[in-house]
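What follows is one structure encoded as structure tokens, with my remarks underneath.
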Amino acid sequence: MEKGAAMKPSQAEVSPLSCQLGPGTHFPGKEVLHGLNICTSGSATSCEECLLIHPKCAWCSKEDFGSLRSVTSRCDFKANLVRNGCGGEFESPVSSTQVLRSLPLSSKGSSPAGSDVIQMTPQEVTVNLRPGDKTTFQLQVRQVEDYPVDLYYLMDLSLSMKDDLDNIRSLGTKLAEEMRKLTSNFRLGFGSFVDKNISPFSYTAPRYQTNPCIGYKLFPNCVPSFGFRHLLPLTDRVDSFNEEVRKQRVSRNRDAPEGGFDAVLQAAVCKEKIGWRKDALHLLVFTTDDVPHIALDGKLGGLVQPHDGQCHLNEDNEYTASNQMDYPSLALLGEKLAENNINLIFAVTKNHYMLYKSIRSKVELSVWDQPEDINLFFTATCQDGVSYPGQRKCEGLKIGDTASFEVSVEARSCPGKHAQPMFTLRPVGFRDSLEVGVTYDCRCSCSTGLEPDSARCSGNGTYVCGLCECNPSYLGTRCECQEGESQSGYQNLCREAEGKPLCSGRGQCSCNQCACFESEFGKIYGPFCECDNFSCARNKGVLCSGHGDCHCGECKCHAGYIGDNCNCSTDISTCQARDGQICSDRGHCVCGQCQCTEPGAFGETCEKCPTCLDACSTKRDCVECLLLHSGSSADNQTCQNLCKDEVITRVDTIVKDDQEAVLCFYKTAKDCVMMFTYAELPSGKSNLTVLREPECGTAPNAMTILLAVVGSIILIGLALLAIWKLLVTIHDRREFAKFQSERSRARYEMASNPLYRKPISTHTVDFTFNKFNKSYNGTVD
């Protein structure tokens with residue numbers, strides 16, 4: 001597209017549902033829903049105020065528009081203004097887009113003059129915006145083939161990375177071999193980091209100054225700790241990279257986190273020392289085995305000064321502010337990486353080739369310096385050709401693929417005078433960008449033709465856009481009245497009808513015009529103050545149920561609602577049954593709820609009805625007719641009336657694979673089971689799947705049943721006898737074992753018989769008597 005080429009102005013899509021028109025108002029050839037006219041209800045008193053109400057509102061600047069007796073709003077829809085006699089003298093600007101610079105996309109990125117490589121088009125656009133009216137432009141982004149790549153390898157040289165350092169000694173050669181498969185212009189750089197050389201992050205005792213690994217048995221020798229060292233600027237000499245890596249020796253810090261973010265920030269902002277090319281893809285590979293320190297961690301070491309985001313590398317390419325400033329914050333780090341178009345890769349020491357391919361497979365738009373009063377809407381069209389509204393990135397792209405984006409711009413309001421902001425769209429990680437300049441179309445062209453002290457305004461005001469702006473102390477549509485002047489001759493013009501009060505009793509008549517009083521309940525308006533926006537029907541205390549606007553005592557319902565107080569929804573989706581029918585075809589949907597008319601029907605969608613003929617019963621007549629005339633040649637004529645709304649499919653076996661289908665079956669006169677399924681089609685007919693023949697079972701054999709019963713009784717008896725015998729045997733064995741146990745416990749003395757008694761017995765008698773005053777016990781002399 002050539003410079004200065006203009007794109008077609010876009011029109012904001014506004015449906016009658018979003019801005020309803022007043023009663024009797026219509027577009028030619030279209031029926032318009034009755035409702036509140038958003039343009040006339042805004043009470044605009046100037047052309048500029050009208051344009052801010054809605055992008056579809058227009059202002060009539062014709063001088064003799066309307067009549068003296070009936071007030072016709074100059075702010076209305078175009079069709080209404082034309083119908084009311086405005087002709088073509090109206091103001092209705094639309095938003096537009098103009099492409100100022102659009103260079104074609106490049107296909108290769110290996111040309112010597114890298115500045116000619118274009119990966120995004122267009123490059124400069126200006127949009128002229130009317131508030132609320134969107135304008136749209138297209139942009140394309142392509143990952144060109146053989147695009148230059150700068151890869152800076154940032155290595156953690158803390159002691160825990162010793163094994164990884166040994167593994168990457170030949171990394172440069174491997175990286176170059178793989179990357180040259182994608183680009184012929186590839187450069188490598190190298191830097192290393194450990195941590196801040198202050199306590200408590202590192203060992204600071206004097207004996208650790210030259211060798212912080214003293215006393216560490218596993219690895220007793222290492223170099224002093226340091227913040228960041230830039231070791232090798234970006235170069236295409238792979239052997240230099242390998243040689244520099246082989247020179248490196250690990251160091252040792254005290255805590256587990258490292259000072260990697262210090263190094264990342266310096267590698268991003270020290271562009272000249274690192275050697276970042278302007279026309280190259282910038283990759284920063286950050287290799288570490290632990291989490292980095294972040295902002296405020298430096299306070300542990302007494303560092304309270306925040307990082308300034310500047311380059312602090314000395315002549316020896318060492319970071320000099322390591323012991324002076326805190327670690328950078330994540331916000332500062334992200335800002336500097338994006339500002340310098342650097343893709344940061346948190347990686348281990350392998351698979352960098354695949355990481356590069358992953359970065360190159362995605363295109364994502366970023367927005368810079370977006371004005372606060374501007375809305376942006378994105379639609380991405382990726383390689384599959386499908387549009388994704390609300391998405392501003394494409395993934396899964398191959399190098400050379402083109403991603404397209406549709407960007408819609410909308411202004412929410414009009415800023416101050418002479419405001420011409422600008423914002424930038426840039427693919428993440430690309431140097432290419434699209435500069436979008438913004439101008440606002442908030443003034444009417446008729447406002448440039450001011451007529452001070454115009455004769456059209458009785459010499460007492462300024463004529464502008466069809467209206468008179470009266471000088472102080474003058475009133476009236478033509479500034480024909482002066483404050484304090486007798487107004488008795490004009491008062492009849494302030495009555496809606498003969499005998500009615502002036503200005504409906506809700507305003508003051510001044511120079512044939514009503515000035516309506518203010519009300520704490522809302523707004524009083526109208527040529528005779530006859531209307532307001534608060535005297536309408538309410539539902540549960542809410543004006544117009546919250547689904548409409550009160551206009552002149554009448555609720556103007558929003559789309560989807562009807563009724564005096566707009567409490568009745570016209571949405572029938574809540575009345576839709578599972579089969580897609582409204583109220584299961586047994587009632588009517590009234591205000592979003594089913595009112596069942598079929599006797600016995602109930603439920604939210606009248607889906608329950610025990611006494612109703614269900615669909616299976618209604619389809620049965622057709623199925624029986626098909627079954628009865630299955631072999632005759634006249635079956636089509638006979639069953640035509642019964643099956644006129646059915647699409648018949650006859651099968652040998654019913655397979656219910658359709659979730660929407662209903663399975664039905666019934667018993668025929670021959671005690672067979674007839675099965676069929678049906679499903680409602682969008683055309684209004686039913687898809688009927690019927691068995692060719694009903695399923696009939698064979699009669700049972702009486703002798704077989706008798707033998708089965710007798711055999712079962714015998715088997716049960718034998719089983720019971722076996723169980724009884726088993727229980728008795730178990731009991732006997734337990735009793736015998738008990739007897740044996742008691743017998744073994746009995747102990748008898750073998751030398752004596754407990755039943756034998758000796759033939760001689762001896763008895764002793766104890767007695768006492770007194771003879772000659774002597775006592776004797778048991779013996780007598």
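As the structure is a computational prediction, the values presented were derived from the model and not from experiment.
Separating the CG atom in Leu81 from the CZ atom in Arg74 is a distance of 10.0 Å, to the nearest 0.5 Å. Atoms OG1 and CD, from Thr135 and Glu410 in turn, are 11.0 Å apart once rounded to the nearest 0.5 Å. Once rounded to the nearest 0.5 Å, the distance linking OG of Ser95 with CG of Leu129 reads 5.0 Å. Taken to the nearest 0.5 Å, the SG atom of Cys60 stands 11.5 Å off from the CG atom of Asn80. Here the CG atom belonging to Asp532 is positioned 7.0 Å from the OH atom belonging to Tyr525, to the nearest 0.5 angstrom. Rounding to the nearest 0.5 angstrom, the gap separating the CD1 atom in Ile648 from the SG atom in Cys622 is 4.0 Å.
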Quick one, Val99 with Phe137, criterion side chain to side chain contact (heavy atoms under 4.5 Å, CB included). Give me CA distance, side-chain angles, the key distance, then yes/no. CA-CA 9 Å; Val99 178; Phe137 59 88; 5.7 Å; no
Given disulfide (SG to SG under 2.5 Å), test Cys575 with Cys583 step by step and report yes or no. CA-CA 5 Å; Cys575 298; Cys583 298; 4.4 Å; no
If you apply the rule disulfide (SG to SG under 2.5 Å), what do you find for Cys566 with Cys557, and how did you get there? CA-CA 5 Å; Cys566 303; Cys557 300; 2.1 Å; yes
For Glu693 and Asp652: C-alpha separation, side-chain torsions, deciding distance, then whether side chain to side chain contact (heavy atoms under 4.5 Å, CB included) applies. CA-CA 7 Å; Glu693 296 293 337; Asp652 295 322; over 6 Å; no
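Contact record, Asn84 with Phe65: O-CE1, 3.6 Å, taken as the closest heavy-atom pair. Across every non-hydrogen atom of Cys50 and Arg130, the tightest pair is O-NH2, 4.3 Å. Taking all atoms of both residues into account, the shortest heavy-atom contact from Pro427 to Met120 is CD-SD, 3.4 Å. For the pair Ile53 and Cys39, the tightest heavy-atom approach, listed with the atom from each and the gap, is CD1-O, 3.8 Å. Nearest approach of Asp432 to Gln119, heavy atoms of both residues: OD2-N, 3.1 Å. When every heavy atom of Phe534 is checked against every heavy atom of Leu543, the shortest pair comes out as O-CD1, 3.8 Å.
The SG atoms of Cys606 and Cys594 do not lie less than 2.5 Å from each other. Per the SG-SG cut-off, Cys394 and Cys382 are bridged by a disulfide [distance under 2.5 Å].
If you look at His54 and Phe77, their ring centroids are not closer than 6.0 Å.
In this structure Ser387 satisfies the side chain to side chain donor-acceptor pair (under 3.5 Å) test together with Thr381, sequence neighbours excluded. Residues satisfying the side chain to side chain donor-acceptor pair (under 3.5 Å) criterion with Glu604, sequence neighbours excluded, are absent altogether. Partners of Phe378 according to the ring pair (Phe, Tyr, Trp, His ring centres under 6.0 Å) rule, which considers only residues two or more places apart in sequence or in another chain, do not exist here.
Other residues, nucleotides and ligands place more than 12 heavy atoms under 6.0 Å from the CD1 atom of Ile562. The environment of CD in Glu406 is crowded: more than 12 heavy-atom neighbours from other residues, nucleotides or ligands sit within 6.0 Å.
No side-chain heavy atom of Gln595 sits under 4.5 Å from any side-chain heavy atom of Gln593. A 4.5 Å side-chain heavy-atom check between Asp564 and Cys555 finds every atom pair outside the cut-off. Residues Leu139 and Leu365 have side chains in contact (heavy-atom distance under 4.5 Å, counting atoms from C-beta outward). Counting heavy atoms from C-beta outward, Ile374 and Val409 have side chains that approach closer than 4.5 Å. Put simply, the side chain of Arg392 does not reach to within 4.5 Å of the side chain of Leu425, judged on heavy atoms. The side-chain heavy atoms of Phe90 and Val82, taken from C-beta on, include a pair separated by under 4.5 Å. Side-chain contact between Val141 and Phe405 is present, with heavy atoms from C-beta onward closer than 4.5 Å. In this structure, Tyr388 and Val386 have side chains that are in contact, with non-hydrogen atoms separated by less than 4.5 Å.
For the pairing with Ile524, the side chain to side chain contact (heavy atoms under 4.5 Å, CB included) check across Ser535, Cys529, Ser504 returns one residue only, Cys529.
Using modelled atom types and a 3.5 Å distance limit, the side chains of Thr649 and Thr689 yield no donor-acceptor pair. One side chain, Ser408 or Thr136, offers a donor N or O that lies under 3.5 Å from an acceptor on the other. There is no side-chain donor-acceptor pair under 3.5 Å between Asp571 and Ser569.
No donor-acceptor pair under 3.5 Å is formed between the side chain of Glu89 and the backbone N or O of Gly87. Judged by distance alone, with hydrogens and angles left aside, the side-chain atoms of Thr97 form no donor-acceptor pair with the main-chain N or O of Val127 at under 3.5 Å. Checked by atom type and distance alone, the side chain of Ser545 pairs as donor or acceptor with a backbone atom of Asn565 at under 3.5 Å.
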